[in-house]
Number of protein chains: 2
Amino acid sequence: MTFAKIERRSLPGEVYDRVLGELVAGSLTPGQALPSERALAEALGVSRPAVREAIGRMAHAGLVKVRQGGATTVSDFRRTGGLDILPHLLLPGGDLDLAVARSILEARLAIGPVVAGLAAERHGHAAALPAAVTAIETDTDPVGRQRQALAFWELVVDAADSVAFRLMFNSLRAAYEPALVALSAVMADEVDRIDAYRALAAAITGGDADAAPRLAHDLLSHATQALLHALDLLEGARR
Amino acid sequence: MTFAKIERRSLPGEVYDRVLGELVAGSLTPGQALPSERALAEALGVSRPAVREAIGRMAHAGLVKVRQGGATTVSDFRRTGGLDILPHLLLPGGDLDLAVARSILEARLAIGPVVAGLAAERHGHAAALPAAVTAIETDTDPVGRQRQALAFWELVVDAADSVAFRLMFNSLRAAYEPALVALSAVMADEVDRIDAYRALAAAITGGDADAAPRLAHDLLSHATQALLHALDLLEGARR
DNA sequence: GGTGGTCAAGTGGTCTGACCAGTCATGTCG
DNA sequence: CGACATGACTGGTCAGACCACTTGACCACC
């Protein structure tokens with residue numbers, strides 16, 4: 001028997017999610033004034049510090065603009081938000097946002113090969129790659145394989161030795177992981193191609209900066225196609 | 001006469017920057033325990049709520065791990081941080097981090113062409129591009145030209161109609177903007193190539209998804225080369 | 001008619017002090 | 001020696017207060 005983790009969410013976190021939910025849902029439009037902290041605190045049944053902390057995070061993330069004395073106004077998160085709000089946009093209120101999912105897939109397909117190329121150029125810390133491939137191969141669970149594949153890519157990003165791409169990967173993973181279980185069926189196609197992983201690992205460790213991007217693109221494009229197709233179907237079904 | 005805006009920094013923001021500074025400077029290593037909120041508050045001469053809010057933001061950004069009852073521990077920001085901490089890594093304490101700068105340039109060079117390609121594919125909302133090129137051309141101030149060029153790229157990203165790339169752009173811009181003035185000399189080379197911008201704009205509005213990435217790469221690679229060279233020189237000088 | 005001054009109300013900014021809840025090291029007892 | 005109570009310490013939350021600031025209305029003045 002497995003026990004689901006008891007979730008202990010913090011109060012400010014809850015408030016943050018709640019307000020952000022209103023924001024991405026569109027009931028709070030850019031430029032509009034947020035209710036005052038005191039009013040929000042009363043409406044949500046929490047104390048002002050909790051609301052303050054949540055709003056402070058939102059301001060830090062560029063989602064709202066607070067001005068002392070004046071009202072806190074909503075910013076256009078598409079113009080001012082950072083990559084870290086991606087998870088909230090992907091699953092606003094539990095439903096998958098198809099446009100966001102599509103854009104994440106595009107980003108994955110575009111960036112993966114670049115990172116693989118950089119990793120091949122610098123092939124310094126890529127010694128662990130073959131073991132990571134074996135780990136994918138050994139894992140029989142579809143979800144487990146996805147996690148192993150994620151770990152594989154993490155090593156690739158590490159080998160690329162680029163802070164910017166590393167942080168980008170972290171943000172994208174944060175958006176991807178919650179949907180990981182739901183995607184396991186569609187992704188099985190990709191994570192089963194052990195040979196493709198092995199070839200990519202070999203190109204990187206071998207320092208083949210020409211082949212690595214090509215192999216990475218080849219590896220990623222299959223599932224990307226499948227997923228985009230699935231998204232199209234979903235979109236049709238929702239209409 | 002122009003007046004510089006009076007900047008009013010918030011106390012929690014100050015605390016955040018201070019602690020993050022310690023973190024990226026390496027005096028707080030991953031796994032290490034942060035001083036308690038009360039101790040930090042006393043050490044920094046502020047109240048506990050201010051410290052709490054700062055730590056709350058850091059936890060939200062994945063920089064530290066707080067556990068009720070236990071100590072707050074430092075995470076490895078390279079493994080858990082999001083793209084939004086990039087500005088802090090680029091200018092830790094005012095000095096430019098060369099490796100970070102290099103990685104941002106690589107990311108720019110890799111992503112720009114992809115976004116341009118997507119924009120050409122979808123050429124839906126690219127009507128404003130020619131005007132943006134004219135805006136670059138009209139501006140005589142080197143720094144102003146850079147800002148106009150940034151606005152140009154913003155339109156390109158918009159035309160690409162990809163949320164993920166949009167947010168990525170926002171994060172990268174946040175890292176880039178503080179250094180904009182310092183870079184104006186090296187970037188002048190790029191922003192003076194009005195014809196290259198015009199050609200790229202034409203390819204995008206014309207829906208030429210083959211030429212757009214090529215033109216974008218061509219446009220970006222020049223300054224990238226120059227900047228990487230400048231970074232090498234800087235690195236040599238620092239040694 | 002425009003300018004600037006004054007004032008009150010409302011907002012965010014910060015602090016204090018308090019209590020709750022969870023963790024951990026300590027020391028005691030079996 | 002080991003299991004276990006216990007107390008010190010940590011973060012989580014709250015209420016209430018005061019300060020700093022913005023806004024808008026009103027008013028006196030030029």
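The sequence lines fix the lettering, A, B, ..., with proteins before strands; numbering per chain opens at 1.
- Salt bridge status for A:Glu154 with A:Arg166: present, with a side-chain N to carboxylate O gap under 4.0 Å.
- At a threshold of 4.0 Å, the pair B:Asp158-B:Arg122 does not count as salt-bridged, since none of the basic side-chain nitrogens sits closer than that to a carboxylate oxygen.
- Straight-line distance from the CG atom of A:Leu34 to the C1' atom of C:dG10: 15 Å, rounded to whole Å.
- Here C:dG13 presents its C1' atom at 20 Å from OH of B:Tyr16, a figure rounded to the nearest Å.
- Near DNA chain D, meaning a heavy atom under 4.0 Å from it, residues 38-62 of chain B has B:Arg38, B:Arg48, B:Arg52 in order of number.
- Across D:dC14, D:dG11, C:dG12, the shortest atom-to-atom separation from the side chain of A:Glu37 is found for C:dG12.
- Inter-residue side-chain proximity for B:Leu91 and B:Leu96 is flagged as met; some heavy-atom pair is nearer than 4.5 Å.
- Within 6.0 Å of CD in B:Glu42 there are 12 or fewer heavy atoms belonging to other residues, nucleotides or ligands.
- A centroid separation of less than 6.0 Å is found between the aromatic rings of A:Tyr16 and B:His60.
- Nearest-nucleotide assignment on DNA chain D puts the 5′-proximal partner with B:Gly69, out of B:Gly69 and A:Gly70.
- The distance between atom NZ of A:Lys65 and atom C1' of D:dT22, rounded to the nearest whole Å, is 15 Å.
- In this structure, A:Gln68 places its CD atom 10 Å from P of C:dG12, rounding to the nearest Å.
- One finds no side-chain N or O of A:Thr72 lying less than 4.0 angstrom from the OP1 or OP2 phosphate oxygen of C:dT11.
- A salt bridge links A:Arg57 and A:Glu53; the closest N-O separation between the charged side-chain nitrogens and carboxylate oxygens is under 4.0 Å.
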